[in-house]
Amino acid sequence: MTISTVSICNRALDLLGADPITSLEDGSKAANLCQRNFEPSADSVLRLYPWNAALRRARLPALSETPAWGYRYQYQLPQGPEPALCLRLLEVDSGTDYRVEGRRVLADYAAPLDILYIGRIIDSANYDPLLAEAIAAKLAVHLAGNLTESASRIEAARDYLRGILAEAKATDAQEGGVSDLIVDAWLTARS
């Protein structure tokens, strides 16, 4: 089965015990909530982990404007369109002495600056199955309050997401890339 935005939304709805949707435009409360919450959920899950499907490389030219102090150069992070939008900088090939401020990288490394980053994935058919499942779990967390008003369903979705992220980390280690998870406050918060 091809992964689609609707299939991911329906997986989130399944996790909540809610009725499926036929499209994001079907006019139902669930479809409207999915349409509004899908992209923020996907972007935040992409930031949580260095998913292989979202890894991108870029060679950045230095900007003519230099930082006011602290570093000699600054570089604009990729801004789009897909897949170039940088959601999270993972690595600067020149070394470890750099800083991300807003949408720029500050460093003492001369141009070009080679980076590895997480980029937005617009076409959900390009999602890894574990990534799609993690997005569905995150989406379920966002939808649960509006669709079920059940604290236990929200917590179950959070627990499920934790499990998916652990599984993704183990799978990624087998594919040659071991990296630590970035766990944000909502994931560790209790309802």
Minimum heavy-atom separation for Leu89 and Tyr98, please, with both atom names.
CD2-CE1, 3.4 Å
N/O donor-acceptor pairs under 3.5 Å from side chains in residues 13-23, not counting sequence neighbours:
residue: Thr22; atom: OG1; partner: Asp26; partner atom: OD2; Å: 3.4
residue: Ser23; atom: OG; partner: Glu25; partner atom: N; Å: 3.1
residue: Ser23; atom: OG; partner: Asp26; partner atom: N; Å: 3.2

Interatomic spacing from SG in Cys9 to CG in Leu33 - rounded to 0.5 Å:
10.0 Å
Stepwise side-chain contact (heavy atoms from CB on, under 4.5 Å) test for Arg56 and Ile118:
CA-CA 6 Å; Arg56 308 283 184 264; Ile118 296 294; over 6 Å; no
Leu147 CG to His142 NE2 distance, which is reported to the nearest 0.5 Å:
13.0 Å
Could you tell me which residues satisfy side chain to side chain donor-acceptor pair (under 3.5 Å) with Asn37, sequence neighbours excluded, listed by chain and number?
none
side-chain contact (heavy atoms from CB on, under 4.5 Å) between Leu63 and Gln76, worked out:
CA-CA 7 Å; Leu63 297 171; Gln76 183 70 51; 4.1 Å; yes
Within the side chain of Tyr109, is there an N or O that forms a donor-acceptor pair under 3.5 Å with the backbone of Asp97?
yes
Under a 4.0 Å N-O cut-off, is there an ion pair linking Asp43 with Arg120?
yes
Treating Gln74 as the side-chain partner and Glu65 as the backbone partner, does any N or O pair qualify as donor plus acceptor under 3.5 Å?
yes
If I take atom NZ from residue Lys138 and atom CG from residue Leu46, how far apart are they, to the nearest 0.5 angstrom?
11.0 Å
Value rounded to 0.5 Å, distance of CG in Asn10 from OG1 in Thr5:
11.0 Å
Apply side-chain contact (heavy atoms from CB on, under 4.5 Å) to residues Tyr117 and Leu55 and explain how you reach the verdict.
CA-CA 6 Å; Tyr117 68 98; Leu55 291 178; over 6 Å; no
Quick one: does Asp114's side chain have a donor or acceptor within less than 3.5 Å of a partner on Asp93's backbone?
no
Do you know which two heavy atoms are closest between Pro78 and Ala58, and how far apart they sit?
CG-CB, 4.2 Å
Could you check whether atom CZ of Arg57 has more than 12 heavy atoms from other residues, nucleotides or ligands sitting under 6.0 Å from it?
no
In terms of hydrophobic clusters joined by side-chain contacts under 4.5 Å, are Leu106 and Val100 together?
no
Has the side chain of Arg72 got a donor or acceptor atom that lies under 3.5 Å from a matching backbone atom of Asp108?
yes
Check the side chains of Tyr160 and Glu133 for a donor-acceptor pair under 3.5 angstrom, ignoring hydrogens and angles.
yes
Side chains of Leu77 and Ile115 in contact at under 4.5 Å (non-hydrogen atoms):
yes
If you look at every heavy atom in Ala42 and Tyr127, which pair is closest and at what distance?
CB-OH, 3.7 Å
Under 3.5 Å donor-acceptor, Arg47 side chain and Leu87 backbone:
yes
Test of understanding: clusters of I, L, V, M, F, W, Y form through side-chain heavy atoms closer than 4.5 Å, transitively. Do Leu60 and Tyr71 belong to the same one?
no
Treating Lys29 as the side-chain partner and Asn146 as the backbone partner, does any N or O pair qualify as donor plus acceptor under 3.5 Å?
yes
Minimum heavy-atom separation for Ala62 and Tyr73, please, with both atom names.
CB-CD2, 4.4 Å
Note, Ile121 side chain near Leu131 side chain (heavy atom, < 4.5 Å):
yes
Can you measure from CG (Leu139) to CG (Leu161) and round to the nearest 0.5 angstrom?
11.5 Å
Using modelled atom types and a 3.5 Å cut-off, is there a donor and acceptor pairing between side-chain atoms of Trp51 and backbone atoms of Ala168?
no
For residues Leu48 and Leu116: do they belong to one hydrophobic cluster (side chain heavy atoms under 4.5 Å, members Ile, Leu, Val, Met, Phe, Trp, Tyr)?
yes
Residues Glu155 and Arg162 bridged, charged N to O under 4.0 Å
yes
Please name all residues satisfying side chain to side chain donor-acceptor pair (under 3.5 Å) with Arg99, sequence neighbours left out, ordered by chain then number.
Glu101
For the pair Ser7 (side chain) and Ile3 (backbone), establish whether a donor and an acceptor sit closer than 3.5 Å, ignoring hydrogens and angles.
no
Nearest heavy-atom contact between Ser44 and Ser41 is OG-O, 3.0 Å
Heavy atoms of Ala134 and Ile164 approach each other most closely as CB-CG2, 3.6 Å
Are any non-hydrogen side-chain atoms of Phe38 and Ile135 less than 4.5 angstrom apart?
yes
N/O donor-acceptor pair under 3.5 Å between Arg103 side chain and Cys86 backbone:
yes
